[in-house]
Amino acid sequence: MESRHRLLVHGARQVVQVVANGQQVLKGAAMRQLAEVTAGPAGGVSIVVNSNGRIADIGLDSVVTSKYGGATFDRTINARGMCVLPGLVDGHTHPVWAGDRVHEFAMKLAGATYMEVHEAGGGINFTVRHTREASEEELYTSLCARLNTMIKSGTTLVECKSGYGLNVETELKMLRVIERARRDMPIDISATFCGAHSVPEGATAAQATDDVIDVQLPAVGRLMDSGQLRVDNIDVFCERGVFDVAQTQRILAAGAAVGLAANFHGEELSRLGSAEMGATLGARAISHLEEVSDDGVAAMARQGTIAVVLPTTAYVLGLRPPPVRAMIAADVAVALGSDFNPNAHCVSMPLVMNLACVLLKMCMQEALAAATINAAASLGRADTQGSLEVGKYGDLVLIEADSWEHLIYQMGGHENLIKYTVKEGVVIHEARECVSSMNAGVVAETSWI
Ligand SMILES: N=CN[C@@H](CCC(=O)O)C(=O)O
Ligand SMILES: [Zn+2]
């Protein structure tokens, strides 16, 4: 075959496709049965990514070599000793903010609850004050640094929320920052308008609901119509003391009317019935769900609403974890997100998968399905991302290990495990070995391309 392609990966021990027959989401026992191609005695496994960044072939080296004999590749990676997985998908983040909350971490370690901190003017409203004051440039620079760290941890698609503005100027500023990063950075972004992340100081929840629906959302819609912003989802923090179920429903319905997918925070600290409401409304996804009821799980299963669970929150706040085993048993598709925000300062999906296994009692196959195909489905992107199949994006993570499970087993130190992150056939992160001048030994060093 005489043609030019973007990437050839060959010699891999294992390629974990996750799904191999076009499945767009995994539920129940299927979350444990992942598609893999394993090296044989005659050689490893190859992947070819074409000049459009789409996977053209996956197969044993011998088969691929014979098919692509006359082809040229912009880049070739010898993946001997490596396992290849799909680029990871982070289904829930709040990555645009200024001012950290390390002081609140200390308060929480001393016994304060999340809502006690919030009601005392801290929490989200602390971040809102700092984010309103920050320049667009400052927010853009810190967002890009955070996205780079995600890329280094294997993420190739991430959901990014606004929500630390709570007024039209700052919500639009955040969405513009996300849009700029979406255009500039080599990572895919699903953008979420979250003007109803908290009730701004000095307003009631009813006033804030009206402001989101009558002022913020129309302004977002105008910028979407003029092509200045791409926004995919709408989010609300539905919680006792924040937005109630009826207010949440109004905001999500208004978002749906301008083409945004409902993907919201529900049943985190209190059981309000938002899972039932979200399922009835046709929400694509609901996040958190620590307090979801059996009826809520059943409603989500009936409507195909995806549960985006966030183990970092349960970990950092000492919450009862969401009932993931009951969700999987009921055929609710479970996805994972890092929930990166100033309360849960984690951008690493490998660590999130580890926490999902230990705290949420998921097995490693389920955690990987949740951090790939199901997280992609929670963002409406499972047609292009979340698995390694011919025609899908060539978004890959290559780890140097005997088996793919090391990505989850290892708690941190992933800079020594993840050798490459690849986006649409282009290497966007490569771990390099160099000689340390301190001890003249070989140490791992990372670089971004
Ligand atoms: N619970 C609401 N939103 C975030 C926390 C945001 C914050 O504390 O700044 C979450 O998903 O955990
Ligand atoms: Zn959140």
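What you see below is based on every heavy atom in this structure, not just the backbone, and it leaves out hydrogens, waters and symmetry mates. Both counts, for ligands and for their atoms, begin at 1 and track the order of listing.
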Distance-only polar pair, side chains of Asp90 and Thr93, donor-acceptor under 3.5 Å
no
Apply ring pair (Phe, Tyr, Trp, His ring centres under 6.0 Å) to residues His103 and Phe126 and explain how you reach the verdict.
CA-CA 11 Å; His103 58 287; Phe126 175 93; 4.8 Å; yes
Does Arg146 count as lying over the ring of Trp97, i.e. NZ or CZ under 6.0 Å from the six-ring centre, within 45 degrees of the axis?
yes
I'd like to know if the side chain of Lys423 reaches the main chain of Gly53, judged simply by a donor and an acceptor atom lying under 3.5 Å from each other, with no hydrogens or angles considered.
no
Vertex the Zn ion (ligand 2): angle to NE2 of His94 and NE2 of His265, to 10°?
110°
Is there a donor-acceptor pair closer than 3.5 Å between any side-chain N or O of Arg6 and the backbone N or O of Glu424?
yes
Nearest-neighbour protein heavy atom for atom 12 (O) of ligand 1, which is reported as residue plus atom name and distance:
Asp339 OD2, 2.6 Å
Would His265 count as a polar contact of ligand 1, with the cut-off being nitrogen or oxygen pairs under 3.5 Å?
yes
Counting both backbone and side chain atoms, is some N or O of Asn343 under 3.5 Å from an N or O of ligand 1?
no
Which ligand 1 atoms are under 4.0 Å away from a heavy-atom of His197?
2 (C), 3 (N), 4 (C), 6 (C)
State whether the shortest distance between N or O atoms of Thr127 and N or O atoms of ligand 1 falls below 3.5 angstrom.
no
May I ask you to check whether His345 and Phe340 place their ring centres under 6.0 Å from each other?
yes
Residue His92, metal the Zn ion (ligand 2), N/O/S under 2.8 Å
yes
